[in-house]
Structure formats: structure tokens, C-alpha cells
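Structure record follows, encoded as C-alpha cells.
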Amino acid sequence: MMSEFVFCTGQYDSGDWDSAPVLPANIIDSIARYTSIAVAPSGVNIPLGSDAIFEYPFVYLTGHLPFRFSEAERRNARKLVDRGGMLFIDDHNHDVGGVFHNTAMEELTRSFSKPVDLPNDHDIYRCFFKFDDGPPTTSHELNGWGDNLVHKNLQAVMQGERIGVLYSSKDYSSEWNYDPDAKRFSTVDNTRFGVNIIVYALTR
Amino acid sequence: MRRRLEYVLRGAVLATLALMLWFASQSSRDAQSAMVDSHGVGASALNQWSRAPVAPQRINLQLTSIPSRIERAWLSALAAAGSVVTWRGGLTPVMVAIEPVAAPHGGATARAAAPDASAIVIGDEIGALDSARIRQSGATFVLGAASDSVTVRANGSVASAALRDSVSLRKVLVIGAAGWEPKFTAAALEEEGWKVDLLARVAPGVEVTSGAPATIDTSRYSAVIALDASAAPYASRLTEFVRAGGGLIIAPPAAAAAAMVTLRAAGPDAIVLEKRGAATSVAAKRLGAGRVIQIAYEDTWRSRMNGGDSAVANHRRLWTNLVSNVAYAPRVARATANPADDGTSVDDAAPLADLTASIGSPTSAKVSALTGRSRSSWTVLLFLVLTLALLGEVASRRFRGVS
């Protein structure tokens with residue numbers, strides 16, 4: 001029996017890592033709904049600085065507050081990405097001038113290298129559902145909070161041709177942080193891009 | 001009584017003279033023979049024997065090392081020209097074979113044979129690479145890509161071999177349900193230089209691919225890795241692929257699929273390659289022109305993620321070794337290495353066997369005991385007997401009146 005995919009939210013010391021507590025259940029629901037990927041029915045919260053993090057090659061990180069790794073967290077984040085894992089970091093403020101974005105960019109540049117814009121025809125937009133215009137816009141980008149901009153690209157730290165760290169200013173953490181049962185009221189499931197992120201992480 | 005003694009002494013003198021005469025005739029016959037009692041053969045001796053007006057009737061060699069390839073060919077030519085060439089000496093048999101590894105990083109596997117417990121040293125043109133003590137008549141060395149010719153030395157015997165072929169590799173296809181194992185298996189192989197296509201089943205009838213997956217045949221793929229039941233729909237195509245020479249690696253979830261039953265490396269045809277305790281962890285079988293390896297390992301990605309500093313390298317090595325062992329890798333001939341000017345050759349894989357094939361097996365010590373120095377010892381002994389017998393006979397006659 002092959003191991004199943006477990007959605008892992010990374011705990012880090014500096015900020016509010018648990019600011020989107022319902023998002024994992026919603027993404028797990030979408031994976032089970034649209035794919036045959038073996039997925040654990042509930043996610044886990046694992047300290048990024050612990051050795052247990054290496055059981056989970058995909059780690060989701062979010063927050064509103066200043067973002068900075070401890071030494072152990074930085075060491076583990078580098079090791080996880082070097083060995084083929086992937087971090088998905090989402091700015092819950094959707095604010096490119098905000099504290100999370102600025103500190104996260106500094107931390108990523110310090111820990112890896114400066115994130116670069118991901119082309120909107122990248123494989124991650126085509127590996128399962130098709131997103132011809134790149135990252136889907138969120139309803140939260142123009143909600144009057146944050147920078148009130150539609151961010152055209154995601155950023156990434158590349159490991160060769162593979163995404164090692166995917167960084168988003170789109171605030172998917174707000175967009176997807178609702179009970180999965182509420183999907184029945186939507187004409188288009190806005191978590192579909194979340195499925196692409198997981199499929200990409202599992203196949204590239 | 002005295003007279004009888006004189007008769008006996010005269011008889012001994014005559015017998016000794018006859019024997020010495022016979023030895024003399026033998027010596028004149030052997031005057032045309034050549035005796036070599038030296039370390040090796042030597043180009044000057046070979047020159048001398050070859051240029052003599054009459055070829056030596058007999059060449060007896062006392063060897064302490066195996067003659068070079070050219071010297072063996074020369075001796076073989078002398079034997080063909082009519083000389084009886086014999087040899088003796090306690091030479092150590094040694095042989096080496098080298099073949100390319102079917103992996104992108106190249107390299108070679110050298111297999112050496114020598115008597116049990118022999119200490120052997122393997123090296124290339126730069127110097128020694130490794131050493132080993134022979135067990136069960138053989139030793140295997142895995143060499144880097146830089147070594148395309150090797151020498152093996154054991155107790156003064158030297159064998160050498162050069163790679164004659166390189167291999168032509170195709171891509172590797174990894175088939176599995178979208179998950180960490182297919183992803184990290186493909187990653188490990190790509191990091192080792194393999195070109196990999198990944199066919200990951202994501203939903204019923206939906207497969208996510210990386211690379212450009214194509215029809216499964218030996219013109220496109222060297223090996224296929226079937227990680228789970230996602231490979232079952234391809235079972236018949238995989239069977240044809242293996243029968244045509246392709247390699248297949250089956251992980252436990254794939255082997256459990258009913259459609260894969262003919263491909264399993266199990267039953268009397270299978271060879272156990274590795275065991276963990278009582279359980280078989282790696283087994284192989286031949287199917288047509290190809291090979292199948294079935295492994296008992298699951299979730300190898302965990303060792304890569306959780307292990308120490310060498311975990312990633314070990315994970316890569318695990319998968320590349322498995323693939324190398326089954327990969328369809330047609331040989332491509334390399335430029336043939338030429339013998340060196342000094343008579344040594346870069347390709348002298350089994351010199352003692354070649355010596356035996358050229359001029360025969362070593363002669364026994366008893367045959368050689370009648371020749372050489374032993375003959376001169378016999379002559380001295382006979383001369384002593386002759387002298388003593390003559391003196392005795394003369395003295396007997398001189399003292400005939402004394403009582």
C-alpha cells in the first residue's frame with residue numbers, strides 16, 4: 001500500500017501560521033472530489049523546525065504577521081526543498097507592501113534566492129485544470145484591504161526546472177478558507193487551482 | 001679372487017665408457033637445442049632462435065613470469081616452425097574482463113579471477129585503483145567513467161583489458177499513481193542523468209505526464225518502472241517490451257495487480273538477488289530477451305527525505321543500480337585499442353590461458369630433470385666411477401705379486 005498524500009501546514013515561530021485553519025480541509029475535499037490521488041482525510045500541523053517535517057514533502061505556510069524562520073526552520077526548509085519537496089507560501093494580507101510580503105521576501109532571499117515571477121504559461125497552470133491566464137484571481141484581491149491590486153503572477157524559487165518554493169500574493173488563504181460544504185453554492189469551484197498545486201507537487 | 005675383482009673393475013670401466021659415449025651422442029644431438037633458464041623469455045633470445053640457420057629442435061623455458069603477448073606469439077611461431085617449445089614454472093593464473101555499465105554516468109564493471117586468497121591489485125594507466133583478496137575465485141570492481149582500460153596484478157602475473165563497447169541508452173518510463181514515490185523515483189533517476197518520462201495517474205482516465213511519454217518499446221525506452229496498479233492496463237505491452245529486450249522493475253503494489261502476474265519475478269525461474277532476514281527483497285528473472293526485477297521496497301522516498309547527508313545519493317544509487325541491471329542497452333563498438341610498442345598490450349585478458357593455448361601446458365619437473373645441470377652432474381659422477389675403477393684395476397695388477 002503506497003502512502004497517501006497528507007496536507008501539511010507548517011508551523012513557524014515568528015507569526016500566525018494558523019490563520020487559515022479551514023483551508024486544508026477544503027483542498028483535501030477538492031483533491032478527493034476531482035482526482036484519484038490517495039489523500040488523507042485530514043491535514044496535519046507540523047513544526048517546520050522539527051524532523052517530522054520531512055515526512056511531508058509539501059508544506060503550506062501562511063500568515064499576516066512578520067515572517068522569519070528560526071535557524072532550525074531555515075535549515076529544514078532548505079533541506080526539504082533541496083531533497084525535492086515544495087513549500088507553498090501565501091500572503092494572507094494580499095499586500096505587496098505589507099509586513100508579511102516584505103519579510104517573507106527577505107527570508108526567502110536569505111534562505112534560498114530571490115523569488116522570480118512565474119510565467120503564466122507555466123506547467124502548474126496546465127497540469128490538471130487549465131488556467132490560460134495564469135493564477136486565478138481571488139475575490140479578496142479587490143476587497144479594499146491589502147494593496148487592492150490584482151497580482152498577475154505568482155513568484156517562485158526554482159530548483160532547476162522545478163518549483164521549490166511557490167509564493168503567492170493572491171491571498172488564496174482567504175479565498176479557500178471556508179467549509180467544503182459551501183462549495184455547493186458556487187457555480188465554479190475556486191479551489192481548483194489548489195488541486196493543480198498539489199498535482200504539480202506530486203508529479204514534478 | 002683378485003682376478004675376479006679385476007674383471008669386475010674392467011667391466012665397470014667399459015660400462016662407464018659406454019654410458020659416457022651415449023651421453024656424448026645425446027649431447028651432440030642436444031647441441032642444437034636451446035635452454036633458457038631466466039626470468040621471462042627475452043627479445044634477444046627470440047631473435048637468436050629465429051635467425052639461427054637451423055631452428056632449435058627444443059626450447060625449454062623456465063618461466064617466473066608470463067611472457068608478453070608478443071613473446072607468446074613469437075614462441076607459438078617457433079613451435080609452428082618445428083621447434084618443440086616446452087615450459088615450466090609456478091605461474092599464477094589471472095584474468096580480467098571489463099564491460100560498460102548501462103548508466104548515463106558511464107563507468108565500467110571489471111571482474112577479475114585468480115586463485116583463492118590471492119591478493120590482487122587493479123589499476124589503470126594512472127596507477128592503482130583498488131585491491132582485494134580473491135574469494136571464490138573472483139572479485140568484482142565498479143570503476144568510474146575515467147577508466148576504460150585496466151590491469152590486474154596477482155603474484156607477478158598481469159592481465160589487462162580494455163572496453164570494447166559503449167552502451168546506447170534510451171529513456172526510462174516511470175508509471176504510477178500521482179504520489180511521492182513516482183515523483184521522487186523519477187527525480188532520483190533524472191539527478192543521475194537518466195532521461196525520464198513520468199506517467200502519473202491522477203484521476204480515472206486522466207494521466208499527468210512529464211517528459212514526452214511514447215509507445216512502450218525498446219526504440220524509446222531502456223526500462224520501465226511499474227510502481228503500482230496504474231501499470232496494469234499496460235501489462236500486455238510491457239510483456240512484449242520485456243520479451244524484446246527491455247527492462248522492467250516492479251514494486252509491490254504493481255506486482256499485486258492480477259494483470260501483472262506473468263511479469264512477476266517469482267517462482268522457479270526467479271533468482272533471489274537480495275534478502276532481508278528470511279524475506280526476499282529483490283528478485284530477478286529473464287523473460288524473452290529482457291529482464292524483470294521485482295523489489296519489495298515501498299516508499300523509498302522516505303529514506304531520501306528523512307535520511308542523513310548521504311540519503312539523496314543513496315536513493316539515486318538505489319534506483320540507478322536497479323535500472324542499470326535491467327536496462328536495454330545495445331552495445332556500440334568503440335575504436336579498438338592497439339598493442340603498445342613495447343610488446344605489452346592493453347587487451348591481454350587471460351595471459352596464462354593464452355600461453356597454454358599457444359605452446360601447451362607446463363611440462364612436469366621430472367621430464368626436465370634429465371636435462372640441463374643434472375646431465376653435467378651425471379657426467380662428473382660417471383668420470384669419478386671411471387677413474388676409481390681404472391685406478392683400482394691398475395693397482396690390483398701392480399700389487400699382484402704382493403701378498
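Below, chain A is the first sequence line, B the second, and so on; all start at residue 1. Treat the numbers as computed from the prediction; the structure is a model and nothing was measured.
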* Side-chain contact, heavy-atom cut-off 4.5 Å: A:Leu202 with B:Lys183? -> no
* Structure fact -> So, the part of B:Pro204 with a heavy atom under 4.5 Å from chain A: the answer is both
* **Greater than 12 external heavy atoms within 6.0 Å of B:Asp309's CG** => no
* Side chain proximity check, B:Val208 to A:Val199, heavy atoms < 4.5 angstrom -> yes
* Asked: Could you state the interatomic distance from OG (A:Ser3) to CZ (B:Arg302), rounded to the nearest 0.5 Å?
  -> 4.5 Å
* Taking the side chain as every heavy atom from C-beta outward, state whether A:Phe128 and B:Val206 have any atom pair closer than 4.5 Å. => yes
* **Residue A:Lys79 excluded, over 12 heavy atoms near NZ under 6.0 Å** => yes
* Given that the side chain runs from C-beta out, which part of A:Ala52 has a heavy atom under 4.5 Å from chain B: side chain, backbone, both or neither? -> neither
* So how far is it from A:Arg162 CZ to B:Ser210 OG, rounded to the nearest 0.5 Å? -> 12.0 Å
* Is a donor on one side and an acceptor on the other found under 3.5 Å between the side chain of B:Arg304 and the backbone of A:Arg83? -> yes
* **Reported CD-to-CG distance for the pair A:Glu55 and B:Asp299, which is rounded to 0.5 angstrom** => 9.5 Å
* If you take all heavy atoms of A:Phe54 and B:Trp301, which pair is closest and at what distance? -> O-CZ3, 4.1 Å
* Asked: Which atoms of A:Leu80 come close to chain B, meaning under 4.5 Å heavy atom to heavy atom: side chain ones, backbone ones, both, or neither?
  -> both
* Answer yes or no: does atom NZ of A:Lys114 have more than 12 heavy-atom neighbours from other residues, nucleotides or ligands under 6.0 Å? => no
* For chain A, which of B:Gly308, B:Ala229, B:Ala200 has the most heavy-atom pairs under 4.5 Å? -> B:Gly308
* To do: To the nearest 0.5 Å, tell me how far B:Arg201 CZ sits from A:Thr203 OG1.
  => 14.5 Å
